[in-house]
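Every heavy atom of this structure was used, including side-chain atoms; hydrogens, water molecules and symmetry mates were not. Here the structure is a predicted model, which means the values were calculated and not measured. Per chain, numbering begins at 1; letters A, B, ... match sequence-line order.
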Amino acid sequence: MSRTLLTGNVSAAWGARLAGVDYVPAFPITPQTEIIETLAGWIDSGEMAGRLVTLESEHSMITAAGGAATTGVRVFSATSSQGLLYAMEMLYTVAGWRTPFVLVNVSRGLSAPITLESDHNDIMAARDCGFLQIHCASCQEVLDSTLLAYRLAEDTRVRLPVIVNLDGFYLSFTREPVEIPAADAAAGFVGDFDPQNARFRASTPESQAVAVLGGSPYSYFRYETHLASLNGLSVYDEISAEFSATFGRNHPAVEAYRTGDADYLFVMLGSFATKAREAVDRLRDAGWSIGLLRPRLLRPFPEESLRRLLAGRRGVAVIDQNLSMGKGGVLHGELLGALYGHPQAPPVVASFIGGLGGRDISAEEFYEMAQTLRQAADTGRTPPPRLLYTRDELREIRKLQAVAHQEREELHR
Amino acid sequence: MTGTKASIRRMKDLPSTHLLGTGTPMCAGCGGLQALHEIYDILGEKTVFVNAAGCMTLLSVYPFTPFRGSWLYTAMASSPAGAQGIRDALDILRERGELPAEEDLQVVVLTGDGAAYGMGLSATSGAMERDLDFIYICYDNEGYGNTGQQYSGATPHAAKTATSRGAHGFAGYKKDLFSIWAAHRPAYVGTVIGAEPLDLAHKIETVKQLRGPRMIIALAPCPTGWDYDPGESVNIGRLAVRTGIWPLKEYIDGKVVHTRIPRGRLPVEEYLKTQGRFAHLFAPQRDDALLAELQARVDAYWDGVTS
Ligand SMILES: Cc1ncc(C[n+]2csc(CCOP(=O)(O)OP(=O)(O)O)c2C)c(N)n1
Ligand code: SF4
Ligand SMILES: [Mg+2]
């Protein structure tokens, strides 16, 4: 099969097209907009069936997505950053409706300060809402994960919406060679949408999303949703195995790169993990016993696999591309939660924050993290969490501040 | 389905069997529920009600519902967008031949004034601008009732609410949602009140025959929020019309027509004095200046009415 150069955004659009989506409620936001423009173009030209409607906000967009999915059609939508947060009330709401549909989020740092560039605080904010989350590191993965996401969302053991996450700019606007599955093969893999009881018909009236009185029914429905999300772990393994058998591409819940004998591991999400992969190769060349773990599923959180893959290592560096104010890196906390009390848990799990607002993580910084990790393992003392930030950067910021002060003083003179 | 005949002329033509179940947790004498009963009798069960946060959210509490048709609770701001998703999905299924005509539904948004006049206005504007084929019913109890009747964009001047308890009540003025909606040129905008069931029935019958955005505002006397005895709801509703406080009108084919021009309008104080929220206009001293202002506003409105 031949490969085509596609951006991450167009890969996501291909995923939606090949999944045969019926309905696309939309709203523009950088860096996601190319997805809905691509779909709109295909629908307008007749290359793709389906209906695209631009709502007046992401809050409405997700409401419409949920409304259509509860009526029994296959739905796709996409957003980024401020849009994801604007929709937050409805993310929780439609997940509670148990509506299966797919939302692509193109990660972008959150305001303030306002920026267009990528990090994971937006998607982390949606961590607890009930949407499942698949994190991608390549354009091929974006397309494939969109197909996987429909299977996952619509599986009777799950029945929850799924977010496919890709990084703004680094994936959204980067062209990579992508194998576009044949339409019939993709359709065969995804299958027809069976709305089951999520439908409104005159002869079979339904009350959906009704209120509850008291904590008991509330707890019941909330816990059911949690259990459904957990079911996603084994369901994901099944469908990704089927995907791999059908298309020859393997997308495990946790990608393990050169981890077999590794004493040290980096743990990262998303496209920046490809930088870590590169660093692992260089470090291996230099004699290091090091590898990389990249969870693709963040919700449900593949705790068992991670525990197994992390067991017996000397040290682990978790690199979070997000920052929970007053706490630190979210993935680091999640991982510690999975490891605590486990007899073979690594003695050192260090936290690094990097890549905020699209800031690069250089090869040197990966080497430095590896050094820190080895030192920590040797001394048995876990270093405090660290922001990846250089002296030069700080000097540049100080320079800008000096300029700002100078300008203000001149104005006031 | 009942009430499909466009033949309601007299009270005795109104549907005599009622579709909406009883035993809901609404307050006794709820004017919103009264209007909904009357509307539902005519719209019938081939409907899906898309609800926003408010008193009516408690109509359907797991595992009960008074509706014979369908229901979806959304959130406070976005029920018109929920209606958009449902309507679009039904249309997609219709086009594909997967939904026979007899399985199709009227999509009906049901919200309070807080959602309609404020938080949900952007979503409503969007739905109208997209010419969504839906019915919107706003039951207007002139405040955020479910949270304890704080003032909203629909609260009338001088009314006391939980957040306007001062000597002069609410300082603002009721927003003209009818005109805001009509400015979008939807298929229909109408005002109704449960206490005038014939006028209401005519309008809902009209709405049922049309397609596109069909917008209804029902003034909803609210014993709990307006502070009066529940037995007075119908009387207060009638007074709202007879004093000219609540004009019954419709916007259709680009024109506004009053469906009831009250002859020999009663003084507005006949309406105001029935409700505790306006008691400060009468005691300990009569506030003649404020009463005159309120009367003058109503007079000025009707002075401008020609049809
Ligand atoms: C986003 C959001 N903010 C606030 C609320 C709290 N809330 C629930 S009902 C309600 C009042 C709604 O007022 P209205 O639309 O007039 O309906 P009513 O309660 O009067 O029936 C409010 C403020 C909410 N549910 N959602
Ligand atoms: S508070 Fe008012 S609107 Fe709400 S249920 Fe009671 S009477 Fe009806
Ligand atoms: Mg209200």
| Most heavy-atom pairs under 4.5 angstrom with chain A, which of B:Leu58, B:Thr65, B:Leu93? | B:Leu93
| field | Value rounded to 0.5 Å, distance of CD in B:Glu103 from CZ in A:Arg199 | value | 7.5 Å
| Interface residues of residues 61-96 of chain A facing chain B - heavy atom cut-off under 4.5 Å | A:Thr63, A:Ala64, A:Gly67, A:Ala68, A:Thr70, A:Thr71, A:Gly72, A:Val73, A:Glu89, A:Met90, A:Thr93
| query | For B:Val61, is it the side chain, the backbone, both, or neither that has a heavy atom closer than 4.5 Å to a heavy atom of chain A? | reply | both
| Looking at CE of B:Met119 and NE2 of A:His59, how far apart are the two atoms once the value is rounded to the nearest 0.5 Å? | 8.0 Å
| remark: Pair count under 4.5 Å, heavy atoms only, with chain A: among B:Leu59, B:Thr74, B:Asp88, highest is B:Asp88
| task | Measure B:Leu90 against the heavy atoms of chain A and call it side chain, backbone, both or neither at under 4.5 Å. | result | both
| request: Give a yes or no answer on whether the side chain of B:Ser70 reaches the backbone of A:Glu206 with a donor-acceptor pair at less than 3.5 Å. | output: yes
| B:Tyr151, OH: over 12 other non-hydrogen atoms inside 6.0 angstrom | no
| query | Is it the case that more than 12 heavy atoms not belonging to B:Phe178 sit under 6.0 Å from its CZ atom? | reply | yes
| field | Partner chain A: residue of B:Phe67, B:Tyr73, B:Trp71 with the largest heavy-atom pair count (under 4.5 Å) | value | B:Trp71
| message | If you count every heavy atom of other residues, nucleotides or ligands that lies below 6.0 Å from B:Arg96 atom CZ, does the total exceed 12? | response | yes
| Atom CZ of B:Arg94 with >12 non-hydrogen neighbours under 6.0 angstrom | yes
| note | Answer key: most heavy-atom pairs under 4.5 Å with chain A among B:Arg130, B:Glu102, B:Glu95 is B:Arg130
| request: Assess whether atom CG of A:Asp192 is packed by more than 12 heavy atoms of other residues, nucleotides or ligands within 6.0 Å. | output: no
| field | Under the side-chain contact (heavy atoms from CB on, under 4.5 Å) test, residues paired with B:Lys174 that sit two or more places apart | value | B:Tyr117, B:Asp140, B:Glu142, B:Ala154, B:Trp246
| Candidates B:Leu72, B:Asp104, B:Thr47 - the one meeting side chain to side chain contact (heavy atoms under 4.5 Å, CB included) with A:Phe200 | B:Leu72
| field | Non-hydrogen atoms of B:Ala123 and A:Ser60 that approach each other most closely | value | CB-OG, 3.7 Å
| Near A:Tyr218 OH, under 6.0 Å, is it more than 12 heavy atoms from other residues, nucleotides or ligands? | no
| query | Roughly how far apart are A:Glu58 CD and B:Ser78 OG, rounded to 0.5 Å? | reply | 12.5 Å
